[in-house]
Student: 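I have a structure I would like to understand better, so I am pasting it below and will then ask my questions one at a time.
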Amino acid sequence: MQTLNGAIFCLAWILGLLSTAHSWGWGLLLILGLGLVGMRWLSLRQPWLGLYPWRRGPTIKTWCIALGIALFAGVYLNLRLPTPGSQDIGRVAAQVETSGAPVTVTGIVETVPRLTRSQNVQLQVKTLNLKPNPTTKPLRGLLYVTLPSKQGADLHPGQRVDVSGYLYKPRRSSVTSGFDFEDYLARSGIFAGLRGKTVTVKDSSGTWGWWALRQRIVRSQAQYLGNTKGALVSAMVLGHRAVDLPFDLRNSFVQVGLAHALAASGFQVSIILAGLLKVTERVSKRYQLLAGLGGLLLFGLLSGFEPSVARAVLMGMASLAALVGDRKLQPVGVLLLVAVVLLVIQPLWIWDLGFQLSFLATLGLMVTVPPLSRRLDWLPPAIASLIAVPMAAMLWTLPLQLYQFGVASLYCLLANVCTTPLLILLTIGGFGSGVIAILWPGAGSVLAWPLSLPTQGLIWLVTHLSQLPGTSVTIGTISVGQLVILYGLLLSAWLLPSGRQRLPLLISLALAVIVLPVWQIQTNRFQITIFDRASPPMMVLQQPGATLVLNTGDRNTASQTLVPFLQRQGIDHIDLALATDLRFRWREGWPALLQRIPIHMLVPISILETTPFRDLIRQFSVQPSQIRSLQVGEQLAQEQVDFSVLRHQPTLLQFRVDQDTWLMVAGNSQGLSSWLQTVQVAQPQVLWWSTQLEPAVIQQLSPQTLILTTPTVDPQALMELQQDIPQVYWTPRDGAVQWTRDRGFETTSPTSENPASPL
């Protein structure tokens, strides 16, 4: 009973933290807690109800304590939420950003620069001074800084630097389930960003630390292996966050379901611990314990003690203590206890996706590997283990992955079975050579050199698997209800004896829960999403049987906003794509889109030369027959919508939806008013204005709905437009705008609720 009570208290703490997803979460906790207390009371007072199991279960006192723990956990998390202090630089970020003037920040480098997808470097700087300072008091706080790669490559923690650039306030995602940059930085206590242009080092102190040891290992392993193979071996031990691994290679690992191999976590801990115990098997248990603890601590310190690493190290320590002390552990109980300890230390980890996936994968290994291994007992034990381990982890993490991303890896099991022997070899070899490299870099390089062949084999396997057709299946994100049902089915298969006997039925139910709602949504969805971008304007039009994309933005916007949005919507191909701005920065987004989602027909709409654009996208298996031009006045139909270009400069794109005329205006609007007086243009019901605001032209067009995606608007002009036009949306204020047949226009303004929460 004590074990059961302890598990209930641990679950209460976790549930209390999860309840902070919504402001009314405490009310749900109260209802649930009082309901459990009521069930126990009824089982004692009203035996005729047949609640006999509740008589033998936890007492009313236990349920009351659990309710108190859950409510306190919610309060505790809110108390631990990072907030900008009165002198935090984030307090003035929006004001400085509005002015548009460059600033110079003096500060201390806090983190090692890391290469971003756009080939810049990112780092954190502790602010000491800001010039010009819009306030009279000194400013402090962490700052997220990006710099050109040449400017930031040689920086390291401890240096005092002057960084010149443009200060900005990070923003929440304006698209439902999009990447929330503001929330991502706020969890680290960062409330402002700086787009740095130049950096000057004032003081180069702080030349030693754990970061220096990591860099020592990375350089040593790259000396004979080369940059790519050396970075991969280092990432196997230190995690990809400590190593600048090429993005194409990292994406290949993610696509085939091997992301865990690059995230320092339980997989590496188990291999390192097994290796240490094997090496020290002839010494006393005391020295085994010391060697194991030392190895785990060293691994944690080198990899940075991320959430998944901290969980894995604590679990490894508990397992090591039980093994050396000849005591039998309750693994699920230890996992719960470790999770609670970590969530007491840092409650915000409850919303860290890496922590969530790591916890679920470990739970799956504990409870699902044994029954799977028994069902595979007709295979050799080594092969059965190679299949059972990744399958168990996949079963328990797949529902959360579908909720967050809407994508499942088709070759996950095959990739894990084929690569696990190589991963074990590289983890052991990488850790051993890394430890030696700390003491003697030359010797570490020599020890890492034999890993060249298996590393090349791993890269070859992963690359070819990622190039197979249908590497990932885009299903679309599932709802909270589906998520709860799927984990309910997993729990029933684990806890109920009848669940294991009815496994085929449970699998069929799980597939039905995933496929049927998604199919119903896809076959009936008619939706237009206009993103909150000024240049170039971006839109996704979804209708039964066809999808259209208008522009992609730059490379970062395409990869971090557009592609995740399409995948969460369950879109695995684009039927028609329109490109209205072919300038270098904006055409760079198309390769980022084509790497993940194919396009059947691409139409560049521009007076600029299209040859560079065509040459660029042909590198991604886009045939000349899939690219066509659309002249002024020419009409292009797609299912229930037709499009036509009225003018190139500025770009006027007209399309008809449900008998309504939509008109998009983008580019330089100079001369548009006089042009409209000479050309007959159908009055649009919806006007999408994505250029410098001209109220006279807008009133001349007289739309029923006006969508403004311009970055700045004169407040007085906006007020006048709102008086004359029934519906006016301004995306910098309202977020992205969506239209559906059933609900009409809605905005996706970000809320204060936790975007990482499944609630």
Student: Start with the C-alpha distance between Q638 and Q543, add both sets of side-chain angles, then the distance that settles side-chain hydrogen bond (donor to acceptor under 3.5 Å, both in side chains), and finish with yes or no.
Tutor: CA-CA 9 Å; Q638 185 201 34; Q543 51 184 321; 3.3 Å; yes
Student: So does E588 pair up with R555, basic N to acidic O under 4.0 Å?
Tutor: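 A salt bridge is present here (some side-chain N lies under 4.0 Å from a carboxylate O).
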Student: Measuring only between side-chain heavy atoms, which start at C-beta, is I478 closer than 4.5 Å to P517?
Tutor: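 They are not in side-chain contact.
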Student: Walk me through whether Q527 and T740 qualify under side-chain hydrogen bond (donor to acceptor under 3.5 Å, both in side chains).
Tutor: CA-CA 5 Å; Q527 174 179 286; T740 58; over 6 Å; no
Student: Do you know the tightest heavy-atom contact between L413 and M391?
Tutor: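 Nearest pair, atom of L413 first, then M391: CD2-CE, 3.6 Å.
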Student: Could you verify whether a donor N or O on one side chain and an acceptor N or O on the other, from T661 and R656, lie under 3.5 Å apart?
Tutor: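 Checked: T661/R656 side chains pair up, N/O donor to acceptor below 3.5 Å.
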Student: Could you walk me through whether D554 and T557 pass the side-chain hydrogen bond (donor to acceptor under 3.5 Å, both in side chains) check?
Tutor: CA-CA 5 Å; D554 57 18; T557 302; 2.8 Å; yes
Student: Any chance the side chains of Q255 and S252 put a donor and an acceptor closer than 3.5 Å?
Tutor: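 Absent: no donor and acceptor within the cut-off.
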Student: What are the two closest non-hydrogen atoms of L550 and L548, and how far apart are they?
Tutor: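 Shortest heavy-atom separation between L550 and L548 comes out as N-CD2, 4.1 Å.
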Student: Is the shortest side-chain heavy-atom distance between I459 and L461 below 4.5 Å?
Tutor: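 No, their side chains stay 4.5 Å or more apart.
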Student: Quick check: closest heavy atoms across L77 and W351, and the distance to 0.1 Å?
Tutor: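 Closest pair (atom of L77, atom of W351, distance): CD1-NE1, 4.2 Å.
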Student: Is it possible for you to check whether R741 lies under 6.0 Å from the centre of the six-membered ring of F526, through NZ or CZ, and within 45° of that ring's axis?
Tutor: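 Yes, R741 sits over the ring of F526.
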Student: Start with the C-alpha distance between T580 and T651, add both sets of side-chain angles, then the distance that settles side-chain hydrogen bond (donor to acceptor under 3.5 Å, both in side chains), and finish with yes or no.
Tutor: CA-CA 7 Å; T580 65; T651 301; 5.2 Å; no
Student: Determine the minimum heavy-atom distance between I514 and V518, stating which atoms define it.
Tutor: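 Nearest pair, atom of I514 first, then V518: O-CG2, 3.1 Å.
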Student: For W662 and M664, indicate whether the former's side chain and the latter's backbone hold a donor-acceptor pair under 3.5 Å.
Tutor: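 A pair under 3.5 Å: no.
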Student: Any carboxylate oxygen within less than 4.0 angstrom of a Lys/Arg side-chain nitrogen, looking at R187 and D183?
Tutor: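 Between D183 and R187 there is a salt bridge, with a charged N closer than 4.0 Å to a carboxylate O.
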Student: Would you call the rings of Y168 and F181 parallel, tilted or perpendicular, where under 30° means parallel and over 60° means perpendicular?
Tutor: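 Correct class here is parallel.
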Student: Specify the closest pair of heavy atoms between L142 and S188, including all atoms of both residues, with the distance to one decimal.
Tutor: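 In terms of heavy atoms, the two residues are closest at CD1-O, 3.8 Å.
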Student: Is a side-chain donor-acceptor pair under 3.5 Å present for S409 with S472?
Tutor: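 Checked: S472/S409 side chains show no N/O donor-acceptor pair below 3.5 Å.
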Student: Aromatic rings H600 and H573: how do their planes relate, parallel, tilted or perpendicular, breaks at 30° and 60°?
Tutor: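 Taking H573 first and then H600, their aromatic rings lie parallel (interplane angle under 30°).
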Student: Cut-off 3.5 Å, side chains only: do Q122 and Y144 have a donor facing an acceptor?
Tutor: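 There is such a pair (donor and acceptor under 3.5 Å, judged by atom type) between the side chains of Q122 and Y144.
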Student: Keeping the roles fixed (side chain from T368, backbone from L365), state whether a donor-acceptor pair exists under 3.5 Å.
Tutor: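 A pair under 3.5 Å: no.
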Student: Please report the shortest heavy-atom distance between P170 and G193, naming the atom on each side.
Tutor: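 Here P170 and G193 meet closest at CD-N, 4.1 Å.
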Student: Please say which of V665, L578, L663 ends up in a side-chain contact (heavy atoms from CB on, under 4.5 Å) with L653.
Tutor: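 With L653 as partner, V665, L578, L663 yield a single side-chain contact (heavy atoms from CB on, under 4.5 Å), made by L578.
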